Amino acid sequence: MLSKGNCIIGQSGGPTVAINASLSGVLQGIIESDAYNSVYGMVHGIEGLLQGSYLNLSEQFKTKESLDKLAITPSMYLGSCRFKLPHYEVAPEIYEILFNFFTSNDIRTVFYIGGNDSMDTVVKLSSYAKANNLSINIIGVPKTIDNDLPMTDHTPGFGSAAKFVATTMLEIAHDTYIYNIPSVTIVEIMGRNAGWLTASSALARTSYSNAPDLIYLPEAPFCLDSFVEDVKRIQQQRKNVIVAVSEGIKDKDGNYISATSTAVDAFGHKQLCGAGKTLENYLKDKLGCKVRSVELNVLQRSASHIASKTDIDESIMIGKAAVKSALEGKTAQMVCYHRMSNAPYYVDVVSHAIEDIANKEKVVPRMWINEAGNDVTEDMLTYLRPLIEGETVMGYANGVPVYCDITHLHTKTEQK
């Protein structure tokens with residue numbers, strides 16, 4: 001009888017509410033298939049594995065209760081990294097370390113959960129394995145609140161972040177309307193080049209509140225003078241104006257409104273320094289009223305208390321589908337959602353070649369932004385609404401949620 005071998009799972013990039021749900025889904029798929037002997041987890045992604053840091057997940061997640069708790073735990077149980085894996089021709093020694101580990105531990109499949117830059121890691125590992133005739137499957141599992149991975153209808157984590165943004169925007173409106181004085185509130189929402197998350201703020205609108213009154217996405221050129229005129233026009237209708245802006249709004253020449261001139265991150269992305277604050281300071285010189293900015297920042301990434309049940313359920317489903325793809329012999333693939341219907345809402349999971357996904361971005365279609373570039377269309381809302389539906393059931397102790405223990409991530413002692 002052939003040995004079943006082992007597998008390993010990694011997580012990297014920014015955190016989301018649902019990335020551990022996908023991890024739980026992979027683990028559930030493995031248990032249900034009985035396809036591997038042991039399941040390992042990279043601690044702090046591919047960078048942590050290079051440093052010899054990993055866990056035996058088979059020993060930690062054996063029961064339905066433990067897997068259910070993992071599914072509603074925010075961020076990454078395995079930890080993350082922002083490591084740009086060099087091409088194997090540039091740094092062959094890195095690949096020798098990784099694939100020697102895979103070989104010595106009888107690793108047959110690598111599951112890597114992450115966003116754009118993580119899928120770049122999947123491409124490079126797959127390319128090395130192919131070039132060296134190594135029988136190891138590399139499967140990408142998507143995640144990102146930015147919703148900017150191509151070939152998939154949406155990404156795990158986005159629906160929950162969108163639900164948080166919409167809920168917070170509605171609560172900001174309730175906070176703002178109580179004062180009988182003119183004001184402008186600018187809410188900055190994550191999204192460097194793709195405005196999906198900022199667009200979801202439109203879901204906050206009710207029969208009694210039109211907030212946000214204005215929405216600006218990176219996909220439509222932003223003009224400061226037009227912005228001032230937009231605000232003045234709304235002020236003629238109501239005393240409180242609430243604006244949603246993506247952190248990555250750009251002028252007609254493609255320059256970020258809030259970019260620094262020199263700072264870049266490990267992947268070469270220009271560092272942004274506050275679109276909301278930039279607009280706040282600009283408006284203060286133009287309007288004779290109270291102006292303030294609110295930056296949601298990391299709050300929108302790991303808010304499990306307001307998670308979308310649709311998002312969590314689908315994230316578990318896509319994790320299980322990743323295992324199915326591996327067992328079918330697929331490699332250099334990412335599992336993707338394919339929307340079959342809006343009403344009733346239904347998605348299927350398919351796999352797609354990773355080279356069509358890595359290092360590419362899916363931005364908001366211009367047709368889903370109004371002509372003036374300061375709002376979204378009904379087609380956008382039709383796309384968004386199903387993704388935030390449903391609420392998860394959480395356990396509480398002493399008034400706060402009960403999540404998985406992540407001591408292994410914030411202590412100096414490395415665990416294997």
Side-chain angles (χ1 to χ4, degrees), residues 162 164-191 195-253 255-258 272 274-297 300 364-385:
F164 174 85
V165 167
T167 303
T168 302
M169 185 65 70
L170 180 58
E171 292 170 346
I172 287 173
H174 276 259
D175 182 277
T176 300
Y177 294 157
I178 64 172
Y179 298 106
N180 191 28
I181 56 173
S183 69
V184 178
T185 301
I186 302 163
V187 183
E188 180 185 333
I189 300 165
M190 283 183 173
W196 298 102
L197 202 54
T198 304
S200 69
S201 65
L203 296 171
R205 291 169 178 162
T206 68
S207 60
Y208 60 84
S209 170
N210 197 53
D213 302 288
L214 299 163
I215 300 174
Y216 299 97
L217 311 183
E219 291 84 353
F222 183 87
C223 172
L224 283 169
D225 292 336
S226 297
F227 169 61
V228 173
E229 293 306 311
D230 286 344
V231 172
K232 288 181 177 179
R233 173 175 52 81
I234 301 297
Q235 283 183 319
Q236 294 174 3
Q237 304 167 30
R238 43 188 167 271
K239 63 179 181 292
N240 305 117
V241 181
I242 300 176
V243 183
V245 300
S246 291
E247 63 174 332
I249 51 174
K250 311 175 187 70
D251 63 22
K252 61 181 177 60
D253 297 319
N255 299 310
Y256 291 108
I257 296 299
S258 60
L272 306 184
K277 183 60 68 174
T278 299
L279 297 183
E280 175 191 336
N281 293 333
Y282 189 81
L283 273 187
K284 281 180 177 178
D285 294 333
K286 304 292 182 180
L287 304 176
C289 69
K290 177 182 178 181
V291 181
R292 65 178 174 183
S293 60
V294 178
E295 184 181 355
L296 300 191
N297 207 299
Q300 59 212 307
V364 173
R366 186 59 181 84
M367 69 182 80
W368 285 6
I369 305 171
N370 70 349
E371 185 176 351
N374 59 16
D375 205 344
V376 297
T377 67
E378 184 60 32
D379 285 340
M380 170 63 87
L381 296 175
T382 299
Y383 167 81
L384 290 170
R385 286 188 183 107

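As the structure is a computational prediction, the values presented were derived from the model and not from experiment. Reckoned from all heavy atoms, side chains included, excluding hydrogens, waters and symmetry mates.
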Distance-minimising heavy-atom pair for [X] and [Y]:
| X | Y | answer |
| --- | --- | --- |
| A275 | E188 | N-OE1, 3.1 Å |
| L197 | M190 | CB-O, 3.7 Å |
| E219 | I369 | CB-CD1, 3.7 Å |
| L279 | I257 | CD2-CG2, 4.4 Å |
| V241 | V243 | CG1-CG2, 4.0 Å |
| A166 | L203 | CB-CB, 3.8 Å |

Using only atom types and a distance under 3.5 Å, with no angle test, would you say the side chain of [X] pairs donor to acceptor with the backbone of [Y]?
| X | Y | result |
| --- | --- | --- |
| S209 | A211 | yes |
| E247 | I189 | no |
| N370 | D375 | yes |
| N240 | I181 | yes |
| D251 | D253 | yes |
| D175 | E171 | no |

Open item on the list: A cation-pi test, strictly: NZ or CZ of K290 under 6.0 Å from the centre of the six-membered ring of Y179 and no more than 45 degrees from its axis. Yes or no?
Closed with: yes

Task: Q235 and L287: CA distance, side-chain angles, deciding distance, side chain to side chain contact (heavy atoms under 4.5 Å, CB included) verdict - done: CA-CA 10 Å; Q235 283 183 319; L287 304 176; 3.9 Å; yes

Check whether any side-chain heavy atom of [X] lies under 4.5 Å from a side-chain heavy atom of [Y], and answer yes or no.
| X | Y | value |
| --- | --- | --- |
| N210 | R238 | yes |
| R233 | D213 | no |
| W368 | V376 | no |
| N374 | Y216 | yes |
| V187 | S201 | no |

Open item on the list: Please evaluate residues L283 and V228 with respect to the criterion side chain to side chain contact (heavy atoms under 4.5 Å, CB included), reporting the C-alpha separation (whole Å), side-chain torsions for both, the decisive distance (0.1 Å), and the verdict.
Closed with: CA-CA 7 Å; L283 273 187; V228 173; 4.0 Å; yes

TODO: Indicate yes or no: does E280 engage K284 in a salt bridge with an N to O separation below 4.0 Å.
DONE: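 Yes, this pair counts.
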
- [ ] Run the salt-bridge test on E229 and K286 with the 4.0 Å N-O cut-off and return the result as yes or no.
- [x] no

Open item on the list: Show, in sequence, the C-alpha distance, side-chain angles and deciding distance for W196 and M380, and conclude whether the side chain to side chain contact (heavy atoms under 4.5 Å, CB included) test is met.
Closed with: CA-CA 9 Å; W196 298 102; M380 170 63 87; 4.0 Å; yes

- [ ] Go through the steps to decide whether I186 and V291 satisfy the test side chain to side chain contact (heavy atoms under 4.5 Å, CB included), and finish with yes or no.
- [x] CA-CA 8 Å; I186 302 163; V291 181; 4.2 Å; yes

TODO: Starting at OH of Y383, measure out to OG1 of T377 and round the result to the nearest 0.5 Å.
DONE: 13.0 Å

